[in-house]
Protein chains: 2
Amino acid sequence: MRSTSRAETFPAHTPAVAQIFTTVLSHGPLTRLEVARRAGLSPAAVTKAVRPLLAAGYLAEDADGEARAALGRPANLVRVDGGRALFIGVKVTGDEVIAVLTDLCCRILLARRTPLTDRAARAVLTTVADLTHELRTAAEDFGAPVLGLGIAVSGDVDRAEGVVRYSPFLDWRDVALAELAAMTTGLPVVVDNDVRALTVAEQWFGAGVGLSDFAVVTVGAGIGCGLVIHGQVVSGAHGVAGEIGHVAIDPAGPLCHCGNHGCVEAIAGDAAILTRMREVTGRQVTDSAAAVALAHEQVPGAREVFARAGEAIGRGIATVANLFGPERVIISGEGLAAYDLFAEHILDSFTAAAFGSAARCDVQTRPLAFEEWARGAAAAAIQSFITSSPTPTGKG
Amino acid sequence: MRSTSRAETFPAHTPAVAQIFTTVLSHGPLTRLEVARRAGLSPAAVTKAVRPLLAAGYLAEDADGEARAALGRPANLVRVDGGRALFIGVKVTGDEVIAVLTDLCCRILLARRTPLTDRAARAVLTTVADLTHELRTAAEDFGAPVLGLGIAVSGDVDRAEGVVRYSPFLDWRDVALAELAAMTTGLPVVVDNDVRALTVAEQWFGAGVGLSDFAVVTVGAGIGCGLVIHGQVVSGAHGVAGEIGHVAIDPAGPLCHCGNHGCVEAIAGDAAILTRMREVTGRQVTDSAAAVALAHEQVPGAREVFARAGEAIGRGIATVANLFGPERVIISGEGLAAYDLFAEHILDSFTAAAFGSAARCDVQTRPLAFEEWARGAAAAAIQSFITSSPTPTGKG
DNA sequence: TGGCTTATTTTCCGCTGTCAATAAAAGAAG
DNA sequence: CTTCTTTTATTGACAGCGGAAAATAAGCCA
């Protein structure tokens, strides 16, 4: 997180405050007593932590809960005032930049997309700055300040340093994106890997709320995976983790760009599906939509291409489940457009390949709108805003 | 942890004390200043935490460090007094029970093994109790009390509850082993999965010291894997994790007892190697030693069997590395007896299959003496002794 | 014997979160 | 309409942890 201007910070002077706030953020309006139970604190601590947050406007008190227990003093529900602060999330792909404006509860207020003609860092930075400026201007209508900018990039990203180590799609190496973007926008900036950002969004605002161990699998051009273990997003000792796309499941499978045979991505990635679809049907298929159409038109062999892809994904998920035993796996990604073609095969092969209790893992799917990646970036910015302590506390 | 008698407990009234103690335990004798730095605390806090531990005899002060900086007041090294307390670790296999007596530093003082004729829980319990009694009697010579008993069992074990949910090798289901053993021995008892226990031993006393993300892979009858992520051992939401043995790497591979084809264990487990060795050489091979001998004798095809197994293990490890990005992978297990036949193939296929930075993961091997599994159980007991807080502090 | 340097201890001190008591806000009971 | 009961929220005293800074200790070196 870099910032040039002295930006507004979150008044979380103690871990307990941050924890209480995130509890309210994730679990909707709650009574103070309920918050105390969920956060493992005493009610007194909650009262004390909530007061400054109310005063600062980050929390609000609902007049009254509708459905009330007949007896006793009525409870006052505490909720996050989403309108108190705004955030911008940006996803940079090889072709375009997508930006969203969200509130503190990570609800999307506005979305913008701009095609990208030049992938050089400088050009991308300009586009990001322009979009940010545009959304910031629009944000004035909402009467709340924009307090952070999150940028999601695929590849090897060092979030702590704000540096994109290596992004194959953009052909970037060691770009200090957070620092550059902070200078041009004047906002605190978080840069993170796109899948990890999406995982943060699920952890705080999605299907991962309340779970300490889950995985997010994204299906699309690449096959990615974000892991949350012990309540924390896994980044890997060398900054890379969750490479489910390059889990090799079939030595006899097609050659992957990573040099191995039978990676999940080499079977179920968009490009792989297109290639195979061309081989099988003999037709010119140039995009995923066309491939899906062929399958829906019952063109001979077309469905089998998706079946094979689904099977590969299912086996990849089973591998994840066998290795760390998540409570839930959330499947998402642009590739889900073809989910009706996949679903059964994913689940079947997952069930077959999951060992013992790992099969008890709950496999869900979640549609992924095009702005969702950018929302992930916003979630990362929100997370950083809340947890980045104003007091310089090191961690061992 | 269940205990019938009021056992001696560790005076760790605050997390800082436990952390300081484990720092000294893992990182050998240290000056207080050094401990403070490593634990991220102030020197004052260390002094305060160390005092009661010295008084209770768990820590001791070395008169003086030999190699001293020329200048300034000489430092006083603080170390754990291993002789202060003893622990017993027991590993139960299908054939025998192995027990070790260790000191607080998890150094093995004595080891015993007893064949197992009856796998019923009652019979095993009797054997465990006998061995425990024997070691406790012998422990009197060391002039320190035995403060805990750890039992390691393969299969699905719920450590928190002390229950063996399901152990295929023993054919146990829902055996409340900790409670039973605590009743018969009067010691605090920890029951854990064998691979997890071994992982704890590596984390605290072995090659995992100081690492927050690493994996332990065991090669033998089964292929197992213990994971430490974010400094904690991964247990999985349903109590099962690290099933690297049932990661399927080749749909065309041999049928595994789990019902899938090409699991790592179905290629590289002891039984798989023996079966394949018989097929390839046409000889009667009944144990692993014989298989290793054939390979060493250059019997045609024999080396290839091990090569194939090594390759499977390497690919399994690469899968772990791709998904979690550990800093290190420690390979161990009885199967390492054949390591010279494996090594190259494991490393080659790991390097080939690891994606990007995952290949930077440090792959080590570590010989595994027969008592090592039991030592893991002792490590679990030690860990539990130190971290189980006397004050009932819940965690959310 | 001073001076210098580094290690350890001491002495406050702020701060956090708990405890126990109290206030608040209803409906229920008389 | 008052009083009781029940549940929620708040208050204020308090204990304890860990930090900062200053003091002290313990050697080397002139």
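Only a predicted model underlies this, so the values are computations on that prediction, with no experimental measurement involved. Below, chain A is the first sequence line, B the second, and so on; all start at residue 1. All heavy atoms count here, side chains included; hydrogens, waters and symmetry mates do not.
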Looking at A:Arg328 and A:Glu202, does any basic side-chain N land under 4.0 Å from a carboxylate oxygen?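 Salt bridge absent between A:Arg328 and A:Glu202.
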Test of understanding: with side chain to side chain donor-acceptor pair (under 3.5 Å), list the residues that count as partners of [X], not counting sequence neighbours.
{"X": "A:Arg107", "value": "A:Asp103"}
{"X": "B:Glu327", "value": "none"}
{"X": "A:Asn193", "value": "none"}
{"X": "A:Asp158", "value": "A:Arg165"}

At under 4.0 Å between heavy atoms, what does A:Ala16 touch on the DNA or RNA strands: base, sugar-phosphate, or nothing?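 A:Ala16: backbone/sugar contact only, no base atoms under 4.0 Å.
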Counting any heavy atom closer than 4.0 Å, what does A:Leu33 reach on the DNA or RNA strands: base, sugar-phosphate only, or nothing?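 Sugar-phosphate, backbone atoms only, no base.
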Taking atom [atom2] of [N] as reference, at what distance in whole Å does atom [atom1] of [X] sit?
{"X": "B:Leu59", "N": "C:dT8", "atom1": "CG", "atom2": "P", "result": "13 Å"}
{"X": "B:Glu61", "N": "C:dA7", "atom1": "CD", "atom2": "P", "result": "14 Å"}
{"X": "B:Leu41", "N": "C:dT8", "atom1": "CG", "atom2": "P", "result": "15 Å"}
{"X": "B:Asp62", "N": "C:dA7", "atom1": "CG", "atom2": "P", "result": "17 Å"}
{"X": "A:Arg32", "N": "C:dA25", "atom1": "CZ", "atom2": "P", "result": "12 Å"}
{"X": "A:Leu30", "N": "D:dT8", "atom1": "CG", "atom2": "C1'", "result": "14 Å"}
{"X": "A:Leu71", "N": "D:dC4", "atom1": "CG", "atom2": "P", "result": "16 Å"}
{"X": "A:Arg37", "N": "D:dT8", "atom1": "CZ", "atom2": "P", "result": "9 Å"}

Name all residues meeting the salt bridge (Lys or Arg N to Asp or Glu O under 4.0 Å) criterion together with B:Arg51; count only those two or more places apart in sequence or in a different chain, and write none if there are none.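 Salt bridge (Lys or Arg N to Asp or Glu O under 4.0 Å) check on B:Arg51 returns nothing, list empty.
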Which of the following nucleotides, C:dA7, C:dT9, C:dT18, is nearest to the side chain of B:Ala75?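 It is C:dA7.
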Where at least one partner belongs to residues 203-213 of chain B, residue pairs that pass side-chain hydrogen bond (donor to acceptor under 3.5 Å, both in side chains), sequence neighbours excluded: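 Not a single pair qualifies under side-chain hydrogen bond (donor to acceptor under 3.5 Å, both in side chains).
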If you pin B:Pro43 and A:Pro43 to their nearest nucleotides in DNA chain C, which one's is more 5'?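 First, find each residue's nearest nucleotide; the 5'-ward one identifies B:Pro43.
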Name all residues meeting the ring-ring contact (aromatic ring centres under 6.0 Å, His included) criterion together with B:Phe214; count only those two or more places apart in sequence or in a different chain, and write none if there are none.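 Applying ring-ring contact (aromatic ring centres under 6.0 Å, His included) to B:Phe214 gives none.
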Verify the contact: side-chain N or O of B:Thr14 to OP1 or OP2 of D:dG18, cut-off strictly under 4.0 Å; return yes or no.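 Answer is yes, contact under 4.0 Å.
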At less than 4.0 Å, is any side-chain N or O atom of B:Arg51 found next to OP1 or OP2 of C:dT10? Yes or no.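 The answer is yes; a side-chain N or O of B:Arg51 sits under 4.0 Å from OP1 or OP2.
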Using the ring of each side chain (for Trp, its six-membered ring), is B:Phe21 parallel, tilted or perpendicular to B:Tyr58, with breaks at 30° and 60°?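 Taking B:Tyr58 first and then B:Phe21, their aromatic rings stand perpendicular (interplane angle over 60°).
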Show each protein N/O and nucleotides 20-26 of chain D N/O combination with a separation under 3.5 Å, one pair to a line.
{"from": "D:dA25", "atom 1": "N3", "to": "B:Arg73", "atom 2": "NH1", "distance (Å)": "3.4"}

How far does the helix from C:dT1-D:dA30 to C:dG30-D:dC1 bend, going by the axes of its first and last five pairs, to the nearest 10°?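 Comparing the first five pairs with the last five, the axes sit 30° apart.
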